Amino acid sequence: QVQLVEPGGGLVQAGRSLRPSCAASGSLDSINAMGWVRQAPGRQREPVARILGDGYTHYADYVEGRFTIFRDDAKKTVYLQMSSMGHEDAAVYYCHADILPTGLGYYSLYWGQGTQVTVSS
C-alpha cells in the first residue's frame, strides 16, 4: 500500500529555518508532481509549493523567495526548505504526490498525514 509519511513537525523561532520532509513508501513505479499545502487554524487550506517530475517548481506568492521545494527521487522524498519564517507560516503542512502504484496503471493523488509547524517569537 502506497503511503506518504511526514516524520514529525517542528517548533522554530521566528526568522529561523525548518525543513520538513515527506517520503513515499510502498510498491510504486513512478512519482510525478509532488507538493505541499498548509492549513492554519480557522483558515482554508492553501497551496505552498509544488515540483514536477522534470524539476519545474512553482511557489505561492506568500512563500516565494523564502521557501524552496526540492525532491530526491532515489529516496522518493520531497522536502520543503522554509527560511525566514514568520508567525503567518505556522500551520499544519500536508504533502501530496501523484503516484503510479505498481500494477494500478494510472496515477493517483496521495496525501501525507500532516505535520504541525509552530513558530515562536
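The shown structure was predicted, so the numbers you read here are calculated from the model rather than taken from an experiment.
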(request) Output the rest of the hydrophobic cluster of Tyr106: all Ile, Leu, Val, Met, Phe, Trp and Tyr residues reachable through side-chain heavy-atom contacts under 4.5 Å, sorted by chain and number. (result) Leu104

(request) Report whether Met34 and Leu28 are members of the same hydrophobic cluster (ILVMFWY, side-chain heavy atoms less than 4.5 Å apart, transitive linking). (result) yes

(request) Can you tell me which residue pairs pass the salt bridge (Lys or Arg N to Asp or Glu O under 4.0 Å) test with a partner in residues 90-111, sequence neighbours excluded? (result) none

(request) Determine which pairs satisfy salt bridge (Lys or Arg N to Asp or Glu O under 4.0 Å) with at least one residue from residues 16-34, sequence neighbours left out, and list them in order. (result) none

(message) If I compare all heavy atoms of Ser27 with all of Thr102, which pair ends up nearest, and what's the gap?
(response) OG-OG1, 2.8 Å

(message) Which heavy atom of Arg71 sits nearest to which heavy atom of Asn32, and what is that distance?
(response) NH1-O, 2.7 Å

(message) Under 4.5 Å side-chain heavy-atom separation, chaining through any Ile, Leu, Val, Met, Phe, Trp or Tyr, what else clusters with Leu100? Say none if it is isolated.
(response) Tyr107

(message) Using the side-chain hydrogen bond (donor to acceptor under 3.5 Å, both in side chains) criterion, which residues pair with Asp72? Sequence neighbours excluded.
(response) none

(request) Flag the pair Ser17 / Phe67 as yes when at least one side-chain heavy-atom distance between them is below 4.5 Å, and no otherwise. (result) no

Would you be so kind as to tabulate the donor-acceptor pairs closer than 3.5 Å made by side chains of residues 109-121, with sequence neighbours excluded?
residue: Gln113; atom: OE1; partner: Glu6; partner atom: N; Å: 3.1
residue: Gln113; atom: NE2; partner: Glu6; partner atom: O; Å: 2.7
residue: Thr115; atom: OG1; partner: Gly8; partner atom: O; Å: 2.9
residue: Thr115; atom: OG1; partner: Gly9; partner atom: N; Å: 2.7
residue: Ser121; atom: OG; partner: His87; partner atom: NE2; Å: 3.3

(message) Enumerate the ring-ring contact (aromatic ring centres under 6.0 Å, His included) contacts for residues 25-59, please, sequence neighbours excluded, ordered by first and then second residue.
(response) none

(request) Kindly write out the residues that satisfy side-chain hydrogen bond (donor to acceptor under 3.5 Å, both in side chains) with Tyr79, not counting sequence neighbours, or none if the list is empty. (result) none

(message) Going by side-chain hydrogen bond (donor to acceptor under 3.5 Å, both in side chains), name the residues that satisfy it together with Asp89, two or more places apart in sequence or in a different chain.
(response) Arg38, Arg66

(message) Under the disulfide bond (SG atoms under 2.5 Å apart) definition, can you give me all pairs with a residue in residues 12-63, not counting sequence neighbours?
(response) Cys22-Cys95

(request) Examine Leu18 and Tyr94 and state if one hydrophobic cluster contains both, with Ile, Leu, Val, Met, Phe, Trp and Tyr joined whenever side-chain heavy atoms are less than 4.5 Å apart. (result) no

(request) Would you name the heavy atoms of Ala60 and Pro47 that are closest together and state the gap between them? (result) CB-O, 3.5 Å

(message) Are Ile51 and Ile31 connected into the same hydrophobic cluster when the rule is that any two of I, L, V, M, F, W, Y join if their side-chain heavy atoms are below 4.5 Å apart?
(response) yes

(message) Do Val12 and Tyr62 sit in one hydrophobic cluster, given that two such residues count as connected whenever their side-chain heavy atoms are within less than 4.5 Å of each other, even indirectly?
(response) yes

(message) Could you report the tightest heavy-atom contact between Ala97 and Leu4, atom names first, then the distance?
(response) N-CD1, 3.7 Å

(request) For residues Ile69 and Val78, determine if any side-chain heavy atom of one lies less than 4.5 Å from a side-chain heavy atom of the other. (result) yes

(request) With sequence neighbours excluded, give me every disulfide bond (SG atoms under 2.5 Å apart) pair touching residues 32-64. (result) none

(request) Sequence neighbours left out, what pairs pass disulfide bond (SG atoms under 2.5 Å apart) with at least one residue falling in residues 60-90? (result) none

